[in-house]
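Scroll down for the structure; my scribbles are underneath it.
Order of the sequence lines sets the chain letters (A, B, ...), proteins ahead of strands, with each chain counted from 1.
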Amino acid sequence: MNKANQIYNLLYRSYGNIPCPLEYNTNFQLMIAVILSAQCTDKAVNKITPALFNNFPDAPSLAEAGLSEVENIIYPLGLYRMKAKNIILCAKELIKNYNSIIPDSISKLIKLPGIGRKSANVVISHAFNKPGFAVDTHVKRILNRTGVVDTKNPDRIEALIRKTISPEKLSNFSLLLIMHGRQCCKSQKPHCPKCIINNKCDFNKLNNLN
DNA sequence: ATCCCGAGGG
DNA sequence: CCCTCTGGAT
């Protein structure tokens with residue numbers, strides 16, 4: 001078995017099936033929460049989305065929202081001006097082009113303001129149960145350290161993993177790597193000696209940490 | 001000081 | 001490829 005699948009099995013054994021960390025009631029709210037989650041923790045997003053969705057529960061209400069009011073609500077998340085502008089624009093385009101229904105393909109989703117490839121993969125996997133592989137900073141770091149891939153380009157990483165991991169495992173593989181990245185394979189001080197995949201990892205061998 | 005489930009623009 | 005946008009958590 002190839003290294004990617006070995007790593008999947010080891011991580012799955014200890015973390016299992018990981019649910020979507022973002023809290024939402026509708027696909028629209030999921031998409032907005034995903035946009036807001038850029039460069040901040042899911043916990044921070046979950047803290048402000050109740051207020052946001054109480055005022056603007058759907059595309060029509062958010063499309064008519066005042067920019068400064070939205071900015072005030074999402075302010076703690078950082079990048080708040082860009083995000084406020086993007087989620088309002090996104091709501092407007094959703095109404096105009098998709099009759100307020102979240103599109104179920106990556107190619108359509110990435111055309112919406114604030115939605116890039118990473119976010120599109122998150123949306124299709126949680127909203128439509130389609131195979132999505134979100135390459136975030138953790139996924140990129142672990143797959144490079146272990147030697148599963150040798151590129152920083154997220155599109156290439158996604159393509160490579162889609163070739164080696166079966167579709168039904170893709171979404172959870174991304175979540176498993178994120179979980180392991182936060183708990184163990186940290187950017188600065190990775191806990192290599194106690195890492196459950198250290199015998200599969202080039203980074204660990206290189207640093208001879210166990 | 002560094003990182004957080006990035007995206008868009010140059 | 002690089003830079004900027006952003007504040008909060010650790």
Side-chain angles (χ1 to χ4, degrees), chain A residues 7-8 11 15-24 27 29-49 51-52 67-68 70-94 103 106-128 130-145 149-158 161-162 165 169-191:
Chain A
I7 288 174
Y8 175 88
L11 294 179
Y15 301 114
N17 286 109
I18 301 175
C20 177
L22 296 168
E23 292 163 11
Y24 61 96
N27 286 347
Q29 294 183 1
L30 166 66
M31 191 185 68
I32 298 303
V34 171
I35 295 175
L36 295 178
S37 72
Q39 292 297 103
C40 76
T41 60
D42 49 308
K43 208 174 285 184
V45 174
N46 291 336
K47 213 165 167 180
I48 66 94
T49 42
L52 184 67
L67 181 61
S68 57
V70 174
E71 284 181 348
N72 285 334
I73 298 173
I74 70 170
Y75 178 78
L77 304 182
L79 310 178
Y80 68 95
R81 278 189 282 249
M82 301 275 299
K83 288 177 182 175
K85 187 184 72 178
N86 280 337
I87 61 176
I88 293 172
L89 267 176
C90 189
K92 287 179 178 171
E93 286 202 20
L94 207 55
I106 291 177
S107 57
K108 287 179 182 172
L109 283 166
I110 57 179
K111 290 177 185 167
L112 294 168
I115 304 277
R117 190 151 188 105
K118 181 261 173 183
S119 297
N121 270 290
V122 175
V123 171
I124 63 158
S125 57
H126 293 122
F128 305 109
K130 287 190 171 183
F133 188 72
V135 180
D136 80 323
T137 174
H138 297 293
V139 174
K140 186 170 68 174
R141 182 176 65 252
I142 299 183
L143 292 180
N144 274 285
R145 278 181 175 171
V149 304
D150 185 22
T151 172
K152 307 291 183 190
N153 184 300
D155 292 2
R156 278 181 223 153
I157 296 173
E158 184 191 329
I161 296 304
R162 282 184 181 278
I165 298 285
K169 295 178 181 173
L170 277 176
S171 301
N172 198 46
F173 191 35
S174 178
L175 290 168
L176 287 169
L177 291 168
I178 292 164
M179 177 75 77
H180 191 61
R182 285 207 295 240
Q183 294 190 0
C184 182
C185 190
K186 300 180 181 184
S187 179
Q188 291 307 112
K189 291 180 183 175
H191 302 160

A/Ile74 CD1 - C/dC5 C1' separation (whole Å): 12 Å
A/Arg156: partners by salt bridge (charged side-chain N to carboxylate O under 4.0 Å, His left out), with sequence neighbours left out: none
Distance, rounded to the nearest Å, where A/Arg182 contributes CZ and B/dT2 contributes C1': 16 Å
For atom CD1 of A/Ile87 and atom C1' of B/dG6, their distance in whole Å: 15 Å
Residue mapping more 5' on DNA chain B - nearest nucleotide basis, A/Gly116 or A/Ser187: A/Ser187
Listed partners of A/Lys47 passing salt bridge (charged side-chain N to carboxylate O under 4.0 Å, His left out), at least two apart: none
Euclidean distance for P, B/dC5 against C/dC5 (whole angstrom): 22 Å
Interatomic distance at P, B/dG10 relative to C/dT6, whole Å: 16 Å
Under 3.5 Å donor-acceptor, A/Arg162 side chain and A/Pro131 backbone: yes
For A/Ile18, all residues meeting side chain to side chain contact (heavy atoms under 4.5 Å, CB included), sequence neighbours excluded: A/Tyr15, A/Asn172, A/Leu175, A/Leu176, A/Met179
Sugar-phosphate only, base, or nothing, as touched by A/Leu36 at under 4.0 Å among non-hydrogen atoms: nothing
Any donor-acceptor N/O pair, A/Lys83 side chain to A/Ala38 backbone, under 3.5 Å: yes
A/Arg117 side chain near B/dA7 phosphate (N/O to OP1/OP2, under 4.0 Å): no
Contacts of type salt bridge (charged side-chain N to carboxylate O under 4.0 Å, His left out), residue A/Arg145, not counting sequence neighbours: none
Side chain to side chain contact (heavy atoms under 4.5 Å, CB included) involving A/Lys111 - partner list, sequence neighbours excluded: none
Any A/Asn144 side-chain heavy atom under 4.5 Å of A/Ile157 side chain: yes
Near-strand residues of residues 134-144 of chain A, defined as heavy-atom separation under 4.0 angstrom from DNA chain B: A/Asp136, A/Thr137, A/His138, A/Arg141
Sugar-phosphate only, base, or nothing, as touched by A/Pro154 at under 4.0 Å among non-hydrogen atoms: nothing
Where do N or O atoms of nucleotides 8-10 of chain C meet protein N or O atoms at under 3.5 Å, pair by pair?
none

Phosphate-side-chain proximity, A/Ser119 and B/dC5, N/O vs OP1/OP2 below 4.0 Å: no
Partner set under salt bridge (charged side-chain N to carboxylate O under 4.0 Å, His left out) for A/Asp136, not counting sequence neighbours: none
Inter-nucleotide P distance (C/dG8, B/dG8), Å rounded: 24 Å
Atom pair distance, as rounded to whole Å: CG in A/Asp155 and P in C/dC1: 11 Å
side-chain N/O A/Arg81 vs C/dT6 OP1/OP2, d < 4.0 Å: yes
Distance in angstrom units between A/Arg156 CZ and C/dC1 C1', rounded: 11 Å
Gap between atoms CD1 and P, on A/Ile178 and B/dC5 respectively (whole Å): 8 Å
For atom NZ of A/Lys83 and atom P of C/dT4, their distance in whole Å: 18 Å
Partners passing side-chain hydrogen bond (donor to acceptor under 3.5 Å, both in side chains) against A/Asp155 (at least two apart in sequence or in another chain): none
Of A/Ile110 and A/Lys118, the one whose closest DNA chain B nucleotide lies more 5': A/Lys118
Euclidean distance, atom CG of residue A/Asn121 to atom C1' of B/dA7 [Å, nearest integer]: 14 Å
Touch class at under 4.0 angstrom, heavy-atom based, for A/Ile115 against every strand present: sugar-phosphate
